[in-house]
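Presented below is the structure to which this report refers.
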Amino acid sequence: MATTEPPTPTPVPLTTDGTVHVGSDTAREWWRDAVIYQVYPRSFADGDGDGIGDIPGITARLDHLRTLGIDAVWLSPFYRSPQKDAGYDVADYRDVDPLFGTLDDFDTMLAGAHERGMRVIVDLVPNHTSDQHVWFQQALAAAPGSPERARYIFRDGRGPAGEQPPNNWQSIFGGAAWTRVPDGQWYLHLFDSSQPDLDWNHPEVRTEFEDVLRFWLDRGVDGFRVDVAHGMVKAEGLPDWHGHVSMVDGGSSDDQPTDPGAPEDGSTGAGNQGPMFDQEGVHEIYRSWHQVLAGYDGDRCLVAEAWVEPLSRLARYVRPDEMHQAFNFSFLTTAWDAAALRRVIRASYRANDEVGAPTTWVLSNHDVVRHATRLGLPDPGVRPNGVFPGDPQPDEELGLRRARAASLLMLGLPGSAYLYQGEELGLPEHTTMPDEVRQDPGHFRTHGAEAGRDGCRVPLPWRADAPGYGFGPTGATWLPQPESYQRYAADTQYGVDGSTFELYRAALALRRTEGLGHGGLSWLDAWADSPDVVAFANRGVAVVANLSSTAVDLPDAEVLLASGPLEDGVLPADTTAWLRG
């Protein structure tokens, strides 16, 4: 039988367009190029066996993070809370909830991270408190118009007897954003009714949170991730609004970012945030907070969780006297499309370079479907509210292949990168979780119309042969783990060539030694306008990502790292390679 030799690949020159989109000589505060790992405490590791992750569990797994090679840990809320919204309903900002441990446990964890060369960022939730916070309890006990109620947004209702809410705003979790109290007034809650919004026009509110910042800075934390950073201040008069508010407040992938008519700044075009978000007054707050952090050594940082578009408007949050970073949700929500990715990368650098801020990159977090699942769905949009059992199920193999490629592309970009716990294991979403075990308030407030965010919050698998896959000593887990987690367990990946953990570890090591985080980006000429390939150079390393369904020729260059096996000088579909030419 005759055989045919495979064709010799045509070498692709590693020439660039000469355009550097971010300078290589920027100041080197640690947060400018850090890789920061998000720990969702109740799902990371359980130290006491109650099925819920805790701070001692985090401490016990710090060596996993050191081996991975991250620069900092960001902890989702661990404060005293009734846990109506998994800790984002804070009752006491200066204490650890007994569910997670004690302040001493926190100090031990913080010291352990610092000893291993990792910084620690903690979550801050300033838009609202829990309804169990002492201030809100005082407000309920006080009369309308009292100083106690002035800390929150209480209003009289509309209608002859005040029986209608003060305006038509809807909660992000579904239903009305107002709840009436027995004396007839209404209070605002943009999230659950157990999360009343604070009135940030009140000086006592501002003073209180500056004191909270100092409490944790004095303990040694390295910064704060600010929840709903585009919230807090509302438009004067609280006017009605007829737009739609969701967890992805800046728009969705349904806006078709690959459309040639999409905005030049790379955003999805949903710039109107409504009268409850992105008001001018938030910037005064962050200028004040910036001054608080500037009084401490060690380059402490503020990170904005702000679903704001366009990117040029988001960049206003990271002007030199305000916050230090803002999550790049435009990147997270971009389709698996080469032209769209190039557009949002260009726009991100353009917007942030204007204000001298680093660009941050993120693909997953505790509010959106994990990218290993999202990229395996027939419609790989951001899907913030979960995947239902009745939805088309993802192609798990395709999703993981694309997720590895997307992560290697992201980690090759100059700037700072955020990882969500478990993505270094390639974890998929739990897409078949039954409704009766779900706990996300968004699922219940929408009467099941939204699956909720539980699927991305499932406890991590540490040992394949242990009950609960080693999450804790008893095998109990607060949410059920899918059977597939057994093959993703951390102990099956350590030291295994080609495993997702080892891919991430190698990428972070190369990123550090090659200085990619503080490098400069130039587009590779050969693929400058390719519909299938995103390719750029950064400090002598070429990053080439093939987003097509067929292989493409690789340059004649040394392969430093690849997200999947390479084939005779070609880059397979849905694969990224780092090269040195």
Side-chain angles (χ1 to χ4, degrees), residues 37-68 70 73 75-76 78 86 99-101 109 364-366 369-374 376 386-387 389 393-394 396-397 399-400 403-404 407 419-434 436-440 451-505:
Y37 183 100
Q38 180 187 358
V39 165
Y40 191 70
R42 62 171 47 230
S43 296
F44 187 70
D46 173 17
D48 61 10
D50 65 355
I52 299 174
D54 48 38
I55 292 175
I58 297 169
T59 304
R61 295 291 183 180
L62 287 175
D63 284 337
H64 169 86
L65 302 180
R66 178 175 62 178
T67 301
L68 180 61
I70 55 101
V73 180
L75 272 65
S76 291
F78 50 82
L99 189 69
F100 300 122
M109 181 278 302
S364 286
N365 64 33
H366 65 292
V369 173
R370 287 182 176 274
H371 66 286
T373 290
R374 190 169 73 240
V387 178
Q393 288 298 295
E396 189 173 330
E397 181 181 353
L400 180 57
R404 288 163 58 104
S407 296
L419 310 180
Y420 178 47
Q421 65 177 39
E423 72 170 83
E424 78 280 13
L425 306 177
L427 287 189
E429 189 91 354
H430 190 342
T431 58
T432 58
M433 187 182 298
E436 58 266 24
V437 300
R438 296 184 183 276
Q439 300 192 29
D440 188 358
R453 300 161 293 174
D454 295 314
C456 65
R457 300 175 174 186
V458 174
L460 298 191
W462 294 100
R463 289 179 48 201
D465 63 351
Y469 305 128
F471 176 64
T474 65
T477 60
W478 71 280
L479 285 173
Q481 300 160 306
E483 291 182 6
S484 65
Y485 272 28
Q486 183 175 37
R487 60 179 176 270
Y488 292 98
D491 70 330
T492 68
Q493 300 197 39
Y494 293 148
V496 177
D497 189 36
S499 72
T500 302
F501 179 83
E502 293 300 333
L503 172 69
Y504 269 76
R505 189 183 64 80

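Sequence positions, counted from 1, serve as the residue numbers for this chain.
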Is the shortest side-chain heavy-atom distance between [X] and [Y] below 4.5 Å?
X	Y	answer
F44	L65	yes
Q481	P459	yes
L427	P461	yes
L460	Q421	yes

From CA spacing to verdict: side-chain contact (heavy atoms from CB on, under 4.5 Å), L75, I58: CA-CA 10 Å; L75 272 65; I58 297 169; 4.2 Å; yes
Show the nearest heavy-atom pair for residues [X] and [Y], with the distance to one decimal.
X	Y	result
A372	G426	CB-O, 3.9 Å
G422	R370	C-NH1, 3.8 Å
E423	S364	OE1-CB, 4.2 Å
Y488	P428	CE1-CD, 3.7 Å

Atom pair [atom1]/[atom2] of [X] and [Y] - distance to nearest 0.5 Å:
X	Y	atom1	atom2	answer
W478	Q439	CH2	CD	5.5 Å
T59	D54	OG1	CG	8.5 Å
L503	D497	CG	CG	10.0 Å
I70	H64	CD1	NE2	9.0 Å

Results of salt bridge (charged side-chain N to carboxylate O under 4.0 Å, His left out) for R438 - residues two or more places apart only: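 Counting only residues at least two positions away or on another chain, R438 forms a salt bridge (charged side-chain N to carboxylate O under 4.0 Å, His left out) with D435.
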Residues forming a salt bridge (charged side-chain N to carboxylate O under 4.0 Å, His left out) with R42, sequence neighbours excluded: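 R42: no salt bridge (charged side-chain N to carboxylate O under 4.0 Å, His left out) contacts found.
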Any donor-acceptor pair under 3.5 Å from Q493 side chain to L425 backbone: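 Yes; at least one donor-acceptor contact below 3.5 Å.
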[X]: which residues meet the ring pair (Phe, Tyr, Trp, His ring centres under 6.0 Å) condition with it, sequence neighbours left out?
X	result
H366	Y40, Y88
Y420	none
F78	F106, W216

Carboxylate-amine/guanidinium contact D454 R457, below 4.0 Å: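 No.
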Pairing residues for [X] by the side chain to side chain contact (heavy atoms under 4.5 Å, CB included) criterion, not counting sequence neighbours:
X	answer
R505	T67, F501, E502
D50	D46, D48, I52, L99
P482	H430, V458, S484, Y485
V496	S499

Counterpart residues, side-chain hydrogen bond (donor to acceptor under 3.5 Å, both in side chains), relative to S407 (two or more places apart):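 Once residues adjacent in sequence are excluded, the partners of S407 under the side-chain hydrogen bond (donor to acceptor under 3.5 Å, both in side chains) criterion are H371, Y504.
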Listed once per pair and sorted, the salt bridge (charged side-chain N to carboxylate O under 4.0 Å, His left out) pairs that draw on residues 479-495, sequence neighbours left out: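 Those involving residues 479-495 are E396-R487.
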Can you list, pair by pair, the side-chain donor-acceptor contacts under 3.5 Å of residues 465-476, counting residues two or more places apart and other chains?
from	atom 1	to	atom 2	distance (Å)
D465	OD1	R463	NH2	3.3
T474	OG1	G49	O	2.8
T474	OG1	A476	N	3.3

